[in-house]
Amino acid sequence: MGFTDTRFNVNLSILFTELPLLERPAAARAAGFTAVELWWPWTDAPVPEQPELDALRDALRDAGTALTGLNFYAGQLPGPDRGALSLPGEESARFRANVPVAVAFGRSLGCTTFNALYGNRVEGVDPAEQDALALENLAFAARAVGADGTLLIEALNAPESPRCPIVSAPKAVEVVDAVNAATGLGNARFLMDLYHLSMNGEDLDEVIDRYTGRTAHVQIADNPGRGAPGTGDLDLAGLLARLRKNGYDGYVGLEYKPGDGPSAGAFGWLPAPLRAAH
């Protein structure tokens, strides 16, 4: 299927989840990958105890896997939540408490790219109130990440996330622009998840041509099914080639379901020599 010019990382929050968290980096490395990304691993703890942070840091270092992307606290993910930063009250406070912890943890491993999931609409709350809170919290996160880092804004998909308002590439980029205008830092960028955008029925070639220059990270899974490349109908090799032609040279995150077997068996589509980051 090609992919010779693509730098991949593995999302350890959807792959290798049959293993305990601290065993996943070594499993990814054994499968040939040297770069990984993570959703916030502690869904009930935006501010974990220091030994938990230290143990995960050690596991990543010992495995020889670079952390190249990290989500901020997003509530129960996987689960019903789609982020915390636009939710008034306790969840918003938990997001803000998490930001400096996540940034410090990521930077201790050389990671400067952080994904901030927007969150669902809340029944009985004015959407304008949520959007104002979201912008305030995203600006807070962008300043914490700093001008030498990147804050990612991701579009999800409406069929699977019907209460999330960020479900198209143009809407996500609109939020990116609002954050950059609010901070003046210019460090907010688009996370282009080709699976989510395909689920929305967006023209992926058009999205790539229009937004590659605004994109700092790409994630893939095939559709239908959110499985490995080749299990669905998307021409992922062609789409990634189009991204490269448009100037994208960043990481492509493997954020797909491994299927019925162990995750280590879900990479047959990618020859082993192409798995290590290059």
Side-chain angles (χ1 to χ4, degrees), residues 11 37 39 68-72 74 77 82-86 95 99 112-121 127-128 130-221 223 234 236 239-253 255:
N11 190 304
E37 63 184 32
W39 303 341
T68 58
L70 179 65
N71 281 23
F72 289 119
L77 184 75
R82 296 294 184 269
L85 62 90
S86 67
F95 172 81
V99 165
T112 59
T113 300
F114 301 88
N115 185 23
L117 291 177
Y118 200 87
N120 291 323
R121 289 301 191 207
Q130 282 196 260
D131 291 341
L133 175 64
L135 181 56
E136 178 184 339
N137 282 334
L138 286 167
F140 172 78
R143 293 185 181 102
V145 168
D148 62 337
T150 303
L151 178 74
L152 297 173
I153 307 295
E154 179 178 8
L156 303 183
N157 74 77
E160 294 175 328
S161 304
R163 294 187 295 130
C164 179
I166 312 300
V167 288
S168 73
K171 182 62 178 178
V173 172
E174 178 185 318
V175 175
V176 167
D177 288 342
V179 176
N180 287 333
T183 66
L185 292 172
N187 64 347
R189 303 287 297 281
F190 179 40
L191 192 167
M192 185 186 293
D193 186 309
L194 297 178
Y195 167 74
H196 287 312
L197 300 178
S198 70
M199 284 286 289
N200 287 327
E202 296 182 66
D203 183 324
L204 298 183
D205 288 339
E206 180 181 348
V207 168
I208 289 169
D209 289 346
R210 186 174 180 185
Y211 295 121
T212 296
R214 313 296 301 280
T215 299
H217 188 46
V218 173
Q219 292 174 331
I220 63 169
N223 188 29
L234 296 183
L236 290 167
L239 292 168
L240 295 182
R242 194 180 191 98
L243 274 158
R244 291 194 300 275
K245 182 179 178 181
N246 279 274
Y248 182 76
D249 61 358
Y251 279 99
V252 173
E255 197 183 52

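When reading the values below, keep in mind they use all heavy atoms of this one structure, side chains included, and skip hydrogens, waters and symmetry mates. For this chain, numbers begin at 1 and follow the sequence in order.
Each of Leu156, Leu85, Ile153 was scored for a side chain to side chain contact (heavy atoms under 4.5 Å, CB included) with Leu117, with one residue passing: Leu156. Put simply, the residue from Leu243, Leu204, Val252, Ile220 that forms a side chain to side chain contact (heavy atoms under 4.5 Å, CB included) with Met192 is Leu243.
Contact between Ala182 and Ala139 at its shortest, heavy atoms only, is CB-CB, 4.4 Å. Nearest heavy-atom pair, Val218 versus Tyr248, reported as atom, atom and distance to 0.1 Å: N-OH, 3.3 Å.
Counting only distance, with no hydrogens or angles, the side chain of Asn187 and the backbone of Gly146 share a donor-acceptor pair below 3.5 Å. Proximity of a side-chain donor or acceptor of Ser161 to a complementary backbone N or O of Cys164 within less than 3.5 Å is not detected. Using a distance-only test at 3.5 Å, with no hydrogens or angles considered, a donor-acceptor pair links the side chain of Glu202 to the main chain of Ala169. A donor-acceptor contact shorter than 3.5 Å links the side chain of His217 to the backbone of Tyr251. Proximity of a side-chain donor or acceptor of Gln130 to a complementary backbone N or O of Asn120 within less than 3.5 Å is detected. In terms of modelled atom types and a separation under 3.5 Å, the side chain of Arg189 and the main chain of Thr215 share a donor-acceptor contact. Asn200 places a side-chain N or O within donor-acceptor distance of the main-chain N or O of Val167, the cut-off being under 3.5 Å. The backbone N or O of Ala188 lies less than 3.5 Å from a partner atom in the side chain of Asn180, making a donor-acceptor pair.
The side-chain heavy atoms of Val176 and Leu152, taken from C-beta on, include no pair separated by under 4.5 Å. Between Thr68 and Thr113 there is no side-chain heavy-atom pair separated by less than 4.5 Å. Two residues are said to be in side-chain contact when any heavy atoms from C-beta on lie closer than 4.5 Å; Leu197 and Asn157 fail this criterion. Looking at Gln219 and Glu37, their side chains come closer than 4.5 Å, going by heavy atoms from C-beta outward. For the pair Asp193/Glu255, a side-chain contact is recorded, criterion being any heavy-atom separation below 4.5 Å from C-beta on. With a 4.5 Å cut-off on side-chain heavy atoms, Tyr118 and Lys171 do not count as touching.
Taking the side chain to side chain donor-acceptor pair (under 3.5 Å) definition, one finds that Asn137 meets it with Ser92, Arg96, sequence neighbours left out.
We find that Arg244 and Asp249 are not joined by a salt bridge, their nearest charged nitrogen and carboxylate oxygen being 4.0 Å or further apart. Comment: Asp203 does not engage Arg210 in a salt bridge, judged by the lack of any side-chain N to carboxylate O separation of less than 4.0 angstrom.
Here the CG-OG distance, from Leu135 to Ser86, works out to 12.0 Å after rounding to the nearest 0.5 Å. To the nearest 0.5 Å, atom CG of residue Asn115 and atom CD of residue Glu154 are 5.0 Å apart. The line from CZ of Phe140 to CG of Leu151 is 12.0 Å long, rounded to the nearest 0.5 Å. The line from OG1 of Thr150 to CG of Leu185 is 11.0 Å long, rounded to the nearest 0.5 Å.
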Next on the checklist: With salt bridge (charged side-chain N to carboxylate O under 4.0 Å, His left out) as the criterion, how do Lys245 and Asp209 come out once you've worked through the C-alpha distance, each side chain's angles and the decisive distance to 0.1 Å?
Outcome noted: CA-CA 9 Å; Lys245 182 179 178 181; Asp209 289 346; over 6 Å; no

Next on the checklist: As a quick check of understanding, evaluate side chain to side chain contact (heavy atoms under 4.5 Å, CB included) for Glu160 and Met199, giving each step before the final call.
Outcome noted: CA-CA 9 Å; Glu160 294 175 328; Met199 284 286 289; 4.0 Å; yes

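Neither side chain, Glu206 nor Tyr211, offers a donor N or O lying under 3.5 Å from an acceptor on the other.
Below 30°, between 30° and 60°, or above 60°: for Phe114 and Phe72 the angle between ring planes is below 30°, a parallel geometry.
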